[in-house]
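Convention: sequence-line order gives letters A, B, ...; per-chain numbering from 1. Computed from heavy atoms alone, side chains included, the values below leave out hydrogens, waters and symmetry copies.
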Amino acid sequence: MFWLSLCFCLTVYRFDYKPKKVKVELDKKAKKRKYEYGDDEDEEDVKHKKKSKDKKAAEGKKAKKEGEDKWKWWEEERYTDGSKWRFLEHKGPVFAPAYEPLPEKVKFYYNGKIKFVFLEVATFFAKMLDHEYTTKDIFRKNFYKDWRKEMTSEEKSIITDLKKCDFSEMNEYFKAQSEARKQMSKEEKQKIKEENERLLSEYGFCIMDNHRERIGNFRIEPPGLFRGRGDHPKMGMLKRRIRPEDVIINCSKDSKHPKPPPGTKWKEVRHDNKVTWLASWTENIQGSIKYIMLNPSSRIKGEKDWQKYETARRLKKCVDRIRTQYREDWKSKEMRIRQRAVALYFIDKLALRAGNEKEEGETADTVGCCSLRVEHIKLFPKMDEQEYVVEFDFLGKDSIRYYNKIPVEKRVFKNLQLFLENKQPEDDLFDRLNTSILNKHLQELMDGLTAKVFRTYNASITLQQQLKELTCCDDSIPAKLLSYNRANRAVAILCNHQRAPPKTFEKSMQNLQTKIDEKQNQLSAARKQLKAAKANHKASHDDKSKKAVEVKRKAVQRIEEQLMKLQMQATDREENKQIALGTSKLNYLDPRISVMGKKRKKKKLLKNLNVPKKILSLGVLFFFFFL
DNA sequence: CTGTCGACTTGAGTAAACGATT
DNA sequence: AATCGTTTACTCAAGTCGACAG
């Protein structure tokens, strides 16, 4: 896919391709085109293929084998009636493998002696023994409660204390199993791989409006213990097994409906083309609905993604107006308008999330902008050299801590002081505001504008500015890479995308350092040799010694380059310790910016940038600035 | 206006694949 | 070919946001 897209992109670039609107009547198209891949090759495609024939020939085989579709959905008309598709056919989800009882010899002990043969629930806990979760009180309590529900009355009467349960033998067994899996022979591994591929090709694709599209998650989530993030009150609860009777299937009437496994029934089969999902079920922990939907490379997801960036680009055009307005609103007579304006300022400046209110006790206590509480900010009229500093400290999405100290404008500061008056730490900072009020207001300012658009917009604009600032045309490739990553990092910092420092971080850093040291030694050695060669040349003045000097000079140069590359890597890695780049790359950065900035640098750079596949398959075709 | 639900996006963590290096 | 480290692909939890009922 990567290479296909890459050469596609190069081809397109080279021949100054202009995306052409293709108007197709959908129903007609349905007749004309067959369902199988490869049939829908239009003239454009053929033309391109010819122009880059040799290249394509090399990649062609691979592409065919992978069954990639060259369909350019972005050139087609969208549905305007709110429907998402006309035709949808799929084979239904793949269910989790049935529970295999443990072998008799694997024992569980209670209070050091009594052994049992156990239910699946117990194995879930046994599998997690090494995980920190199993030491947490809430986790244990929730698990134990749900476990008891599943016990026989005999077990119930004997097992009364989780502390006296010894799962270690079961745990050993699972570990040994996963070890055995790793040690499997090549052939066995190959077999499993093939089986997976078969499953993928059978269940991993659907047909939506005449195209074979990849499904994102065609496997139903297996049962297990719920792992919430942060201090989740429900962690450890049993996530029950989903049966066909729980699943609602969505497909078109005129399609071949998926068959439930023998002896079972679907909960329902519906034909709702106003939604994009293929199957859904209700999960038992929060009672929320889970869906089976298409892969990001599909038309339906890609269109949405593309629209998202378009909205952000529209915001670009009127952001100044909006900013002027909210600054004006800081002076409003009405408290709710002031609150709205200050909240919007934070969302815009700090890329905070909207912050919907959540049901207390159902989830971890996290907040976003509108749900900030008094306890989450501190005001400092003066701090170091700066005036009017606000300190934020709260847990955001996924219980990731947001900590930031920023100087704000005086008016904002005064407003915040006003909002804090007569409030307890646990009171809402913006008591007259919620996300729906805010979004309604935003909608009035610009069609399609909501709080999250600011995140997309600010992420994209930051990337672009950073790239402009950091890169310079004749940088070497490693230097360019470093600056791209730095720009990307600036975005990740803005969006507060964090990660736990990799477990192997220290060690790998050390390894890199030793490499650098070695290179340095090599370099000084090479320099000495060069010097010697020069001296030799001076003495003898013959051709041979001259050549030797050249050779040595080249060697020094090469080593210098290598050293620089290593040092760049080290800086990059160090700076990247706690920052996750993937998310912003995937969800916030308009692909066109990456492509724009780098288009001249061809293959190698593009490859090293690690532009996500999804982006390569869509965005690469458009060459224009975000600005 | 408030609360709930449904659909869909965003996000961190993890396992597997990959690819460069020794 | 073994190792190491990175990247990708999955997984599934946790958000956003609009619709709708009362």
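Residue-level contact check: A:Ala451 touches the backbone only, with heavy atoms under 4.0 Å from sugar-phosphate atoms and none from bases. Among the protein residues, A:Lys397 comes within range of the nucleic acid bases, having at least one heavy atom under 4.0 Å from a base atom.
Nearest nucleotide to the A:Glu221 side chain, out of C:dT16, B:dT9, C:dA13: C:dA13. Comparing C:dG18, B:dT9, B:dT10 against the side chain of A:Gln443 picks out C:dG18 as the nearest. Residue A:Pro222 places its side chain closer to C:dC12 than to any other of B:dC8, C:dC12, C:dG18. Nearest to the side-chain atoms of A:Ala500 among the listed nucleotides B:dG11, B:dG13, B:dT14 stands B:dG13.
When the nearest nucleotides of DNA chain B are assigned to A:Glu357 and A:Ile400 by heavy-atom distance, the more 5′-ward of the two goes with A:Glu357. Residue order along DNA chain B, read from the 5' end via each residue's closest nucleotide, puts A:Asn434 first among A:Asn434 and A:Arg229.
In this structure, A:Phe226 and A:His232 have perpendicular ring planes: the angle between them is above 60°, well past the 30° mark. The aromatic rings of A:Phe392 and A:Tyr402 sit perpendicular to each other, their planes meeting at more than 60°, with 30° as the lower class boundary.
In this structure, A:Thr450 reaches the C:dC17 phosphate: one of its side-chain N or O atoms is under 4.0 Å from OP1 or OP2. For the OP1/OP2 pair of B:dC8 and a distance below 4.0 Å, the side-chain nitrogens and oxygens of A:Lys84 include at least one atom meeting the criterion. For C:dA13, one of the phosphate oxygens OP1 or OP2 lies less than 4.0 angstrom from a side-chain nitrogen or oxygen of A:Lys239. Side-chain nitrogen and oxygen atoms of A:Arg455 include at least one within less than 4.0 Å of the OP1 or OP2 phosphate oxygen of B:dG11. Residue A:Arg353 places at least one side-chain N or O under 4.0 Å from the OP1 or OP2 atom of B:dG11. In terms of phosphate contacts, A:Lys358 brings a side-chain nitrogen or oxygen within less than 4.0 Å of OP1 or OP2 of C:dG15. Regarding contacts with the backbone of C:dT6, a side-chain N or O of A:Arg573 is found under 4.0 angstrom from either OP1 or OP2. Residue A:His497 has no polar side-chain atom (N or O) positioned under 4.0 Å from OP1 or OP2 of B:dG13. Between A:Arg499 and B:dT14 there is no side-chain N or O to OP1 or OP2 distance below 4.0 Å. When the side-chain nitrogen and oxygen atoms of A:Lys290 are compared with OP1 and OP2 of C:dC12, none of them lie within a distance under 4.0 Å. The phosphate of C:dA14 has OP1 or OP2 within less than 4.0 Å of a side-chain N or O from A:Gln286. An OP1 or OP2 oxygen of B:dT10 is reached within less than 4.0 angstrom by a side-chain nitrogen or oxygen of A:Lys308. Using a 4.0 Å cut-off, some side-chain N or O of A:Asn356 falls inside it from OP1 or OP2 of C:dT16. One finds no side-chain N or O of A:Ser288 lying less than 4.0 angstrom from the OP1 or OP2 phosphate oxygen of C:dA14.
No cation-pi contact links A:Lys127 to A:Phe124, judged by a cut-off of 6.0 Å to the six-membered ring centre and 45° from its axis.
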For the pair A:Asp231 and A:Asp365, evaluate side chain to side chain contact (heavy atoms under 4.5 Å, CB included) and give the outcome as yes or no after the intermediate values. CA-CA 7 Å; A:Asp231 275 330; A:Asp365 177 24; over 6 Å; no

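Using a distance-only test at 3.5 Å, with no hydrogens or angles considered, no donor-acceptor pair links the side chain of A:Thr366 to the main chain of A:Ser399.
Remark: the A:Asp209 side chain and the A:Tyr79 side chain contain an N/O donor-acceptor pair separated by less than 3.5 Å.
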